[in-house]
Amino acid sequence: MERQYILDAIDAALCAGKDILSIYNDPASDFQIEKKADNSPLTIADKKAHATIAGYLQNTPYPLLSEEGKHLPYTERCAWTTLWIVDPLDGTKEFIKRNGEFTVNIALVRNSVPVMGIIYLPVKKELYFAEETLGAYKLSDVTARGGASLEELTAKAVRLPIKDSRDKFVIVASRSHLSPETEDYIEEMKRCHSDVELISSGSSIKICLVAEGKADVYPRFAPTMEWDTAAGHAIARAAGMEVYQAGKEESLRYNKEDLLNPWFIVEPGRN
């Protein structure tokens, strides 16, 4: 039903990525860094990307919940059965560090479940896109859609997951938020598997690495918000993975009254 809007979301992500890079690559730019109420950073790139994405998605019938937009009270949001959940620049800390590990995240959520996801890595020019009836895909070296149809995009892309015949058990963890609980989990995995490799990454790239098959698991025992995970969750689901609440069989849910996620683990689906 919503597949027709995936091209709008792809265009929005690619255009937002272009906006972000115009600031990121400008040697004269100071990023105009501000501090939000939770002390996390906000830059001019976050604001510009939000405005671009909102402009594209306003042509769809669904409301927008964006990290950088106005957060309406739950008394109003609870009536939204389908909505966009967006992080215009996920990994602002990585953006400020200029390490390239930041993304544009756009998800479509229906009845609390992410059914479509777009994640774009502007520096690497890599696009992940997924829809629950379409599957999950990765397209490399892309900066614009160029009028290509969805069928043309999927034909050029690689379907996820990609088979990886490695011997190691690979854990991907946050570059900026490695908690003691995550370290305990890594030690537990080392007792369960003979050869464990730990790789670090920023932003929603971590979920993509599991969806892609480059990592076996991503534990996150530290705070995240719904817009940090919704797009990656949709991509993971379409690739046969799942984002489970830590210690439970339940998946993450979206458009909750409290937009803070519980701790979670991204891994292959258990069913």
Side-chain angles (χ1 to χ4, degrees), residues 1-14 16 53-54 56-67 69 72 74 77-88 90 103-120 127-139 145 149-151 153-154 157-161 204-212 218 224-245 248-257 259 261-262 264-271:
M1 180 176 65
E2 282 87 17
R3 192 190 284 193
Q4 59 184 306
Y5 300 116
I6 194 167
L7 294 179
D8 292 322
I10 288 173
D11 288 343
L14 294 174
I53 293 168
Y56 274 94
L57 299 185
Q58 70 181 2
N59 297 322
T60 73
Y62 307 124
L64 170 64
L65 176 62
S66 169
E67 178 177 15
L72 296 176
Y74 186 67
R77 285 192 292 108
C78 67
W80 297 355
T81 55
T82 306
L83 71 153
W84 296 102
I85 298 184
V86 170
D87 191 342
D90 183 29
T103 60
V104 178
N105 299 350
I106 300 176
L108 189 68
V109 170
R110 185 173 64 236
N111 298 323
S112 303
V113 177
V115 296
M116 180 194 300
I118 314 293
I119 291 180
Y120 184 51
L127 176 72
Y128 295 85
F129 62 96
E131 194 269 343
E132 61 180 2
T133 65
L134 178 72
Y137 294 85
K138 179 184 180 181
L139 189 58
R145 182 165 63 92
S149 66
L150 186 55
E151 290 72 22
L153 291 177
T154 54
V158 178
R159 183 153 189 175
L160 306 181
S204 59
I205 297 169
K206 297 181 290 294
I207 304 178
C208 292
L209 291 174
V210 179
E212 194 171 345
Y218 162 35
T224 58
M225 302 300 290
E226 290 189 6
W227 43 75
D228 295 318
T229 58
H233 193 165
I235 293 166
R237 287 183 69 242
M241 313 297 170
E242 191 48 88
V243 183
Y244 292 104
Q245 297 181 36
K248 298 183 179 181
E249 294 296 316
E250 300 171 46
S251 306
L252 292 189
R253 307 289 287 177
Y254 294 86
N255 194 30
K256 307 184 305 298
E257 183 169 6
L259 297 170
N261 287 326
F264 62 83
I265 296 177
V266 185
E267 62 184 12
R270 297 171 187 165
N271 296 329

T103 side chain reached by Y128 side chain, heavy atoms, under 4.5 Å: no
Beyond-backbone contact of L83 with R77, side-chain heavy atoms, under 4.5 angstrom: no
Atom [atom1] of [X] and atom [atom2] of [Y]: how far apart are they, to the nearest 0.5 Å?
X    : Y    : atom1 : atom2 : answer
D8   : L108 : CG    : CG    : 11.0 Å
Y218 : I265 : OH    : CD1   : 11.5 Å
F129 : I106 : CZ    : CD1   : 13.5 Å
I10  : L153 : CD1   : CG    : 5.0 Å
T81  : N255 : OG1   : CG    : 9.5 Å
M225 : E67  : CE    : CD    : 8.0 Å

Sidechain-backbone polar pair: R3 side chain, T133 backbone, donor-acceptor under 3.5 Å: yes
Any donor-acceptor pair under 3.5 Å from D90 side chain to S204 backbone: yes
Check against side chain to side chain contact (heavy atoms under 4.5 Å, CB included), W84 and Q58: CA-CA 10 Å; W84 296 102; Q58 70 181 2; over 6 Å; no
Closest heavy-atom pair and its distance - [X], [Y]:
X    : Y    : answer
A9   : L57  : CA-CD2, 4.3 Å
V210 : M241 : O-CE, 3.5 Å
A130 : I6   : O-CD1, 3.9 Å
R159 : G135 : NH2-CA, 3.6 Å
Y120 : A13  : CD2-O, 3.6 Å
W227 : S66  : CE3-C, 4.4 Å

Whether Y5 and Y62 hold their rings parallel, tilted or perpendicular, with breakpoints at 30° and 60°: perpendicular
Side chain to side chain contact (heavy atoms under 4.5 Å, CB included) between Q245 and L252, intermediate numbers included: CA-CA 6 Å; Q245 297 181 36; L252 292 189; 3.9 Å; yes
I118 vs L127, side chain to side chain contact (heavy atoms under 4.5 Å, CB included): CA-CA, chis, key distance, verdict: CA-CA 7 Å; I118 314 293; L127 176 72; 3.7 Å; yes
E226 bridged to K256 by N-O distance under 4.0 Å: yes
CA sep, side-chain torsions, deciding dist, call: I53, V104, side chain to side chain contact (heavy atoms under 4.5 Å, CB included): CA-CA 10 Å; I53 293 168; V104 178; 3.7 Å; yes
Distance flag, aromatic centroids of Y254 and H233, threshold under 6.0 Å: yes
Given V86, L72, L259, V109, the one that forms side-chain contact (heavy atoms from CB on, under 4.5 Å) with L65: L259
Donor-acceptor pair between T224 and T229 side chains, under 3.5 angstrom: no
Evaluation steps, salt bridge (charged side-chain N to carboxylate O under 4.0 Å, His left out), between R270 and E242: CA-CA 8 Å; R270 297 171 187 165; E242 191 48 88; over 6 Å; no
